[in-house]
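A note on names: the letters A, B, ... follow the listed sequences, proteins ahead of strands, and every chain is numbered from 1.
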Amino acid sequence: MSTDNNQVRVRFAPSPTGYLHVGGLRTALFNYLFARKEGGKFILRIEDTDQKRSITGALENLITTLTRTGLHYDEGPDIGGDFGPYIQSERLDIYKEHIQKLLDSGHAYYCFCDEDRLERLREDQRSRKIPPMYDGRCRNIPKEEVADKLAQGLPFVIRLRYPKEGKTVFDDIVRKRVAIDNSQVDDQVLIKSDGFPTYHFASVVDDHLMKITHIIRGEEWLSSVPKHIFMYEAFGWDVPVFVHLPLLLNSDRSKLSKRQGDVSVESYLEKGYLTEALINFIALLGWHSADDREIYSLSELAEVFSLDRINKAGAVFDMEKLNWMGGTYIRQMEVSYIADQARRFFEEAGIDISNNEKYLKVIATARDYVYCLSMTVEHARMFYDSLTFSEDDRALLAQEDSMRILSYMMSALEGRKKWLPDDVSALVKQAIGELGIKGKGFYFPLRLALFGNCHGPDIPTLVDILGRDEALRRLADAMK
RNA sequence: GGUCCCAUCGUCUAGCGGUUAGGACGCUGGCCUCUCACGCCGGAAACCGGGGUUCAAUUCCCCGUGGGACUACCA
């Protein structure tokens, strides 16, 4: 597994919080697409440096979900790679080694302030309307005093000694040139009192060691870039290319959150949105090709994707359009593929689909009505469960014309064992002619008897799916 | 509050000085059809405001307004 020096290497670095956020999926997707487009490597790294938030099973779930969406990575915790380990909690020694360098060079310092003091400090600053920031109390403690406190076993954190003068100017592929005053940048905690690194420190160290060339992540990180650049330079490392993606938004334009609907990829998968549709939809949030085309497979996206067509403005996650795309995909894919994907939903619902020929026909019909696979079950029930009629339904079926239609159809169907759709079609025409009942007057009672609803597929399709015997049974039932 | 980012139909977006401002979702009219759905055809719908620059601004610059993000020993 050799890597040449200018090969693109990107990473998706989620923290295992229990589920994969759709915003995370978008970030993963753009990283994946860029890697594929450039013939580079896509790496999965787990950022589990917050012990308080670590959740058991979250890692496995994350990997399963990512794999299900087809975003296969080249290196990661479960498959390894040349730059592991790929889980930050397993890299503590590496961080320890690197923080010492920063300590030695004076780019970082020990801080013994406890959280109470920090909290009071922030409160005071807020009330005085000044930006809440560390006041630098421990910035210049003499070496001997530090050694003494350490020897006493006092709890400490390690902070970045960030310069307060000047400004940091950097380039971002999406934002172009960004300038931030150094006075606005805090002395970020790099190592927490539990010995774990914070995001800022761990990601800089890991991105360098893993030879990451492009950091593609959400816009919420934009304002912390100066801290990161400062660390790269303190270590004497090359600074990677930054690509800050526009945020995914709720319909009220706030950052997409759990409170306003489903944000977990799993929940969409559970409802049976096709991963192809979900990926395609997500790809169009913040990125667009030069032409008007909108339907792309994952591999097609990888061919046309480019960073310079990423938008700046946040994008509202619009369920209506997702649903449209879901339906479009379900109709566009092979029936057999949809049938395979939908199978588990039928099994969960306890519907016997062992008759595969029938099942395929049911799916072929149901897919015109749905945008996710779980919906096919509801549209298929009429073909499997026995029908129930409302009072109004009963009243319609009991009408004299209805009875004439049903008994006519019954005796006709009984007359022959094998009925092809064309034959049923001809029979229907004949019935209409002989009974002198046409249009809805004819079709509604008949469809109600066969399907349990006046609205739905045409009669030949219904008979074809049900089969002659079941159709007869239903006609008889409806006449009771 | 401070800093940073952003701004074309309701939503996702095309546009990179001169266009009847294009497409998609949704909405809507029609066609297909016994109905529903699918599908097809059409319609309404946008350049946040004010200054500049320019022969010419949706497009470039500035200010304003609005929205968002960040402002933790969370990521």
Side-chain angles (χ1 to χ4, degrees), chain A residues 13-17 24 47-53 111 113-115 118-119 122 125-134 155-159 172 174-176 178-181 183-186 188-200 202-203 217-226 244 246-247 249 251-255 281 284-295 309 311-325 327-328 331 365-370 379 428 432 437-444 446-447 451 453-459:
Chain A
S15 45
T17 54
E47 311 227 322
D48 59 343
T49 56
D50 186 355
Q51 291 182 291
K52 293 186 289 293
R53 289 213 302 183
C111 172
C113 297
D114 60 40
E115 295 204 57
L118 263 18
E119 184 51 42
R122 271 194 293 273
Q125 288 164 328
R126 259 193 289 270
S127 68
R128 285 161 50 204
K129 304 268 188 206
I130 57 176
M133 264 201 271
Y134 183 61
F156 65 86
V157 301
I158 298 176
R159 287 181 183 274
D172 182 281
V174 177
R175 313 285 147 188
K176 307 308 171 193
V178 179
I180 295 175
D181 248 23
S183 64
Q184 298 302 317
V185 183
D186 207 356
Q188 180 66 47
V189 169
L190 266 21
I191 299 290
K192 299 180 263 189
S193 55
D194 62 5
F196 276 66
T198 57
Y199 168 85
H200 304 279
S203 73
R217 74 226 311 180
E219 190 191 334
E220 67 266 28
W221 296 108
L222 191 61
S223 50
S224 45
V225 168
H244 285 92
L247 261 20
L249 273 24
S251 44
D252 67 359
R253 306 205 72 86
S254 58
K255 187 174 166 181
F281 172 70
L284 263 23
L285 260 24
W287 177 88
H288 201 278
S289 63
D291 55 31
D292 285 334
R293 183 171 168 191
E294 293 201 316
I295 300 296
R309 293 196 63 82
N311 276 356
K312 291 171 154 71
V316 171
F317 187 90
D318 179 15
M319 282 295 294
E320 296 281 4
K321 188 152 186 177
L322 203 215
N323 289 344
W324 165 78
M325 194 162 281
T328 298
R331 261 161 254 128
T365 299
R367 66 182 185 151
D368 274 354
Y369 295 83
V370 304
H379 283 266
V428 163
I432 287 172
I437 307 168
K438 59 182 180 176
K440 296 173 188 178
F442 177 86
Y443 287 102
F444 277 18
L446 182 53
R447 185 176 292 112
F451 187 62
N453 195 317
C454 292
H455 304 292
D458 58 35
I459 303 303

Please write out the pairs of protein N or O atoms and N or O atoms of nucleotides 59-61 of chain B separated by less than 3.5 Å, giving the distance to one decimal.
none

Kindly give the atom pairs (protein nitrogen or oxygen, nucleotide nitrogen or oxygen) under 3.5 Å for nucleotides 37-41 of chain B.
residue: B:rA37; atom: O2'; partner: A:Asp368; partner atom: O; Å: 2.3

Write out a two-atom table: protein N or O, nucleotide N or O from nucleotides 68-70 of chain B, distance below 3.5 Å.
residue: B:rA69; atom: OP1; partner: A:Lys255; partner atom: N; Å: 3.2
residue: B:rC70; atom: OP1; partner: A:Lys255; partner atom: NZ; Å: 3.0
residue: B:rC70; atom: O2'; partner: A:Ser223; partner atom: OG; Å: 3.1

Check nucleotides 15-21 of chain B against the protein and report each pair of N or O atoms closer than 3.5 Å, with its distance, or say if there are none.
residue: B:rG15; atom: OP1; partner: A:Arg309; partner atom: NH1; Å: 3.2
residue: B:rG15; atom: OP1; partner: A:Arg309; partner atom: NH2; Å: 3.4

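Legend: residues meeting ring-ring contact (aromatic ring centres under 6.0 Å, His included) with A:Phe196, ordered by chain and number and at least two apart, are absent. For A:Lys440, the side-chain contact (heavy atoms from CB on, under 4.5 Å) partners at least two apart in sequence or on another chain are A:Phe444. Among residues two or more places apart in sequence or in another chain, the salt bridge (charged side-chain N to carboxylate O under 4.0 Å, His left out) test is passed with A:Asp48 by none. Shown here are the salt bridge (charged side-chain N to carboxylate O under 4.0 Å, His left out) partners of A:Arg293, two or more places apart in sequence or in another chain: A:Glu300. Remark: A:Asn323 engages A:Tyr273, A:Met319, A:Tyr371 in a side-chain contact (heavy atoms from CB on, under 4.5 Å) (not counting sequence neighbours). Annotation: ring-ring contact (aromatic ring centres under 6.0 Å, His included) contacts of A:Trp287 (sequence neighbours excluded): A:Phe305. Judged as a ring-ring contact (aromatic ring centres under 6.0 Å, His included), and not counting sequence neighbours, the contacts of A:Phe451 are A:Phe383. A:Ser254 pairs by the side-chain contact (heavy atoms from CB on, under 4.5 Å) definition with A:Asn250, A:Asp252, A:Gln260, not counting sequence neighbours.
Across all strands shown, A:Asp50 has heavy atoms under 4.0 Å from sugar-phosphate atoms exclusively, and none from any base. Using a 4.0 Å heavy-atom criterion, one finds that A:Glu47 contacts the sugar-phosphate atoms exclusively. A:Gly456 comes within 4.0 angstrom of a base, heavy atoms only. Using a 4.0 Å heavy-atom cutoff across all strands shown, A:Val185 reaches no nucleic acid atom at all. Residue A:Val157 is in base contact, counting any heavy-atom pair closer than 4.0 Å across all strands shown.
Looking at heavy atoms from C-beta onward, A:Glu294 lies in side-chain contact with A:Leu284 at the 4.5 angstrom threshold. Considering only heavy atoms from C-beta on, A:Arg447 stays 4.5 Å or farther from A:His455 through its side chain. At a threshold of 4.5 Å between non-hydrogen side-chain atoms, the residues A:Phe281 and A:Phe317 count as touching. Taking the side chain as every heavy atom from C-beta outward, A:His244 and A:Val225 approach each other to under 4.5 Å.
Using a 4.0 Å cut-off, some side-chain N or O of A:Asn311 falls inside it from OP1 or OP2 of B:rU13. Dashed line: the shortest gap from a side-chain N or O of A:Arg122 to OP1 or OP2 of B:rU71 is not under 4.0 Å. Side-chain N/O atoms of A:Thr49 include none lying less than 4.0 angstrom from OP1 or OP2 on B:rC74. OP1 or OP2 of B:rC74 sits under 4.0 Å from a side-chain N or O of A:Lys192.
A:Glu294 has its CD atom 13 Å from the C1' atom of B:rG26, to the nearest Å. For the pair A:Asp172 CG and B:rC5 C1', the interatomic distance rounds to 10 Å; values are reported in whole Å. As rounded to whole Å, 8 Å separates atom C1' of B:rC36 from atom CG of A:Asn453. In this structure, CE of A:Met319 is placed 15 Å from P of B:rC12, rounded to the nearest angstrom. Look at NZ on A:Lys321: it is 10 Å from C1' on B:rG26, rounded to the nearest Å. Residue A:Glu320 contributes atom CD, which lies 11 Å from atom P of B:rU28 at whole-angstrom precision. Rounded to whole angstrom, the span from the OH atom of A:Tyr134 across to the P atom of B:rU71 amounts to 19 Å. Here B:rC12 presents its C1' atom at 7 Å from CG of A:Leu284, a figure rounded to the nearest Å.
Positionally, the nearest nucleotide of RNA chain B for A:Leu322 lies more toward the 5' end than for the other of A:Leu322 and A:Lys52. Between A:Ala313 and A:Ala13, the residue whose closest nucleotide on RNA chain B is further toward the 5' end is A:Ala313.
Counting only heavy atoms from C-beta on, A:Pro131 has its side chain closest to B:rG2 among B:rG10, B:rA75, B:rG2. Of the listed nucleotides (B:rC25, B:rG23, B:rU35), B:rG23 has the atom at the smallest distance from the side chain of A:His288.
Across the P atoms, B:rA21 and B:rG26 are found 26 Å apart, a figure rounded to whole Å. One C1' atom belongs to B:rA46, the other to B:rU11, and the distance between them is 12 Å to the nearest Å. Using P as the reference atom, B:rG39 and B:rC25 are 9 Å apart when rounded to the nearest Å. Rounded to the nearest Å, the gap between the P atom of B:rG15 and that of B:rC9 is 16 Å. B:rG50 and B:rU59 are spaced 12 Å apart, taking the P atom of each and rounding to whole Å. The C1' atoms of B:rU33 and B:rA14 are separated by 36 Å, rounded to the nearest whole Å. The same atom, C1', is picked in B:rC6 and in B:rC47; the two are 16 Å apart, to the nearest Å. With both ends at atom P, the span from B:rU8 to B:rU3 equals 24 Å, rounded to whole Å.
The partner of B:rU3, taking Watson-Crick or G-U wobble pairs whose two distances both stay under 3.5 Å, is B:rA69. In a base pair of the Watson-Crick type (N1 to N3 plus N6-O4 or O6-N4) or a G-U wobble (N1-O2 and O6-N3), with each distance short of 3.5 Å, B:rU35 is matched with no nucleotide. With a 3.5 Å ceiling on both atom-pair distances, the Watson-Crick or G-U wobble partner of B:rC48 is B:rG64. Nucleotide B:rA57 forms a pair with no other nucleotide shown, judged by Watson-Crick or G-U wobble geometry with both contacts under 3.5 Å. Across all strands shown, nothing is found opposite B:rG26 as a Watson-Crick or G-U wobble partner with both distances under 3.5 Å.
The main-chain N or O of A:Gln188 is never found under 3.5 Å from a side-chain atom of A:Asp186 such that the two would form a donor-acceptor pair. A donor-acceptor pair under 3.5 Å is formed between the side chain of A:Gln125 and the backbone N or O of A:Met133. The closest donor-acceptor contact from the side chain of A:Thr198 to the backbone of A:Val189 lies under 3.5 Å. Between the A:Lys312 side chain and the A:Pro246 main chain, no donor and acceptor come within less than 3.5 Å of each other.
Judged by distance alone, with hydrogens and angles left aside, A:Arg447 brings a side-chain donor or acceptor within reach of the base of B:rC34, the pair sitting under 3.5 Å.
Ring pair A:Trp221/A:His200 is perpendicular by interplanar angle, where above 60° counts as perpendicular and below 30° as parallel.
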